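Working notes, beginning with the structure itself.
On a predicted model such as this, the values are computed, not experimentally measured, just so you know. We're numbering straight along the sequence, starting at 1.
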Amino acid sequence: MAKPAAGSLAGMLTMTKPSAGSLASRSTWVSTTSVSSSGKRIQREMVELNLDPPPGCCAGPKGDNLYNWVATIIGPPGTPYQGGIYFLDITFPCDYPFQPPKVVFKTRIYHCNVDSAGNVSLEILKDSWSPALTITKVLQALQSIFTKPDPYNPLVPGIAHLYLQDEAKHAELAAEWTLRFAK
């Protein structure tokens, strides 16, 4: 077999070795099959969410990255969060729906199930996650913590304690935070 000429395109392709940097960057790539299947699932859920969003919620990709979303939840009437506009970041893992999305409140909220960094304690985002769940179900579960906090699974024990000991004072502080940070 003849060796390609040194100046030819074929010669350049066969004689060029990948650099260590290009090999390192390749090793961090996710397989195209898993990105494709998770991406299709996320796209399908996005269409379903846009057709029938939960009341007081909306969500969608940030820019053109299908795996990073922003969501908005309006504080429900009859709660200390009423009328507040809460922004959340939702990050889908590359193996979604087999792993749950990561949800972080970007708007500060006085809530026993949301810590100061915005992390959320919600069973369906941890041990109760199932690939049958969708982003619509996640948004509905997030909405439910506004009306039914879980003080027995708190991220902020002090707020949970106040909720259990003096619900009126808790509601007063939560309403103050809503006015201050969510309106």
(request) Using the side-chain contact (heavy atoms from CB on, under 4.5 Å) rule, take Val104 and Asn119 through it: C-alpha gap first, then chi angles, then the decisive distance, then the call. (result) CA-CA 5 Å; Val104 176; Asn119 298 306; 4.0 Å; yes

(message) Quick one, Phe105 with His111, criterion ring-ring contact (aromatic ring centres under 6.0 Å, His included). Give me CA distance, side-chain angles, the key distance, then yes/no.
(response) CA-CA 11 Å; Phe105 272 78; His111 199 288; 7.7 Å; no

(request) Walk me through it: do Ile42 and Trp69 pass the test side-chain contact (heavy atoms from CB on, under 4.5 Å)? (result) CA-CA 10 Å; Ile42 294 167; Trp69 285 27; 3.6 Å; yes

(request) Mind running side-chain contact (heavy atoms from CB on, under 4.5 Å) on Leu66 and Phe92 for me, showing each step along the way? (result) CA-CA 8 Å; Leu66 196 57; Phe92 294 91; over 6 Å; no

(request) Go through the steps for His170 and Tyr110 under the test side-chain contact (heavy atoms from CB on, under 4.5 Å), then give the verdict. (result) CA-CA 9 Å; His170 171 274; Tyr110 188 83; 3.7 Å; yes

(request) Walk me through it: do Thr178 and Tyr86 pass the test side chain to side chain donor-acceptor pair (under 3.5 Å)? (result) CA-CA 9 Å; Thr178 299; Tyr86 296 90; 2.9 Å; yes

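The shortest heavy-atom contact between Cys112 and Pro149 is SG-CB, 3.9 Å. Considering all non-hydrogen atoms of both residues, Pro53 and Cys57 come closest at CB-O, 3.9 Å. The heavy-atom pair separating Ala71 from Ala59 by the smallest distance is CB-CB, 3.7 Å. In plain terms, the two heavy atoms of Asn113 and Pro154 that are nearest each other are ND2-CA, 4.0 Å.
Taking OG1 from Thr72 and NZ from Lys106, the interatomic distance works out to 13.5 Å, rounded to the nearest 0.5 Å. Annotation: the span from Leu88 atom CG to Lys102 atom NZ amounts to 11.5 Å, rounded to 0.5 Å. One distance of note links OG1 of Thr79 with NZ of Lys148; it measures 12.5 Å at 0.5 Å rounding. Atom NZ in Lys40 sits 9.0 Å away from atom CD in Gln43 (nearest 0.5 Å). The line from CG of Leu51 to CD of Glu48 is 8.0 Å long, rounded to the nearest 0.5 Å.
Between the side chain of Ser121 and the backbone N or O of Asn153, at least one donor-acceptor pair lies under 3.5 Å. The backbone N or O of Pro93 sits nowhere less than 3.5 Å from a side-chain atom of Gln99 that would complete a donor-acceptor pair. Side-chain atoms of Glu172 never come within 3.5 Å of backbone atoms of Ala168 as a donor-acceptor pair (strictly under, hydrogens ignored). In this structure, the side chain of Asp166 does not engage the main chain of Leu162 through any donor-acceptor pair within 3.5 Å. Proximity of a side-chain donor or acceptor of Tyr96 to a complementary backbone N or O of Gly39 within less than 3.5 Å is not detected. Remark: the backbone N or O of Pro97 is paired with a side-chain donor or acceptor of Trp129 at under 3.5 angstrom.
Residues Thr136 and Pro54 are in side-chain contact: their nearest non-hydrogen atoms beyond the backbone lie under 4.5 Å apart. Between Thr107 and Ile85 there is no side-chain heavy-atom pair separated by less than 4.5 Å. Here the side chains of Ile124 and Ser130 are not in contact, with every heavy-atom distance at 4.5 Å or above. Side-chain contact between Tyr67 and Ser38 is present, with heavy atoms from C-beta onward closer than 4.5 Å. Residues Asn50 and Met46 form a side-chain contact, since some pair of their non-hydrogen atoms from C-beta on lies under 4.5 Å apart. Side-chain contact check for Pro101 versus Leu125: some heavy-atom pair is nearer than 4.5 Å. With a 4.5 Å cut-off on side-chain heavy atoms, Val103 and Leu122 do not count as touching.
Within a 6.0 Å radius of CZ in Phe98, no more than 12 heavy atoms belonging to other residues, nucleotides or ligands are found. Counting heavy-atom neighbours within 6.0 Å of Lys126 NZ, excluding the residue itself, gives a total above 12.
Neither Val138 nor Val70 shares a network with the other; the hydrophobic side chains, linked directly or stepwise wherever heavy atoms of I, L, V, M, F, W or Y lie under 4.5 Å apart, form separate groups for each. Put simply, Ile159 and Phe146 are part of two different groups of oily side chains (I, L, V, M, F, W, Y) that touch within less than 4.5 Å, one to the next. By the rule that hydrophobic residues join a cluster once side-chain heavy atoms approach within less than 4.5 Å of another member, Leu173 and Tyr81 end up as members of separate clusters. By the criterion of side-chain heavy atoms lying less than 4.5 angstrom apart, applied directly or through intervening Ile, Leu, Val, Met, Phe, Trp or Tyr residues, Ile145 is not grouped with Trp177; the two fall into different hydrophobic clusters. Linking Ile, Leu, Val, Met, Phe, Trp and Tyr residues whenever their side-chain heavy atoms come within less than 4.5 Å leaves Ile74 and Ile109 in two separate clusters.
Of the residues Thr91, Asp89, Asn68, the one that meets the side-chain hydrogen bond (donor to acceptor under 3.5 Å, both in side chains) test with Lys62 is Asp89.
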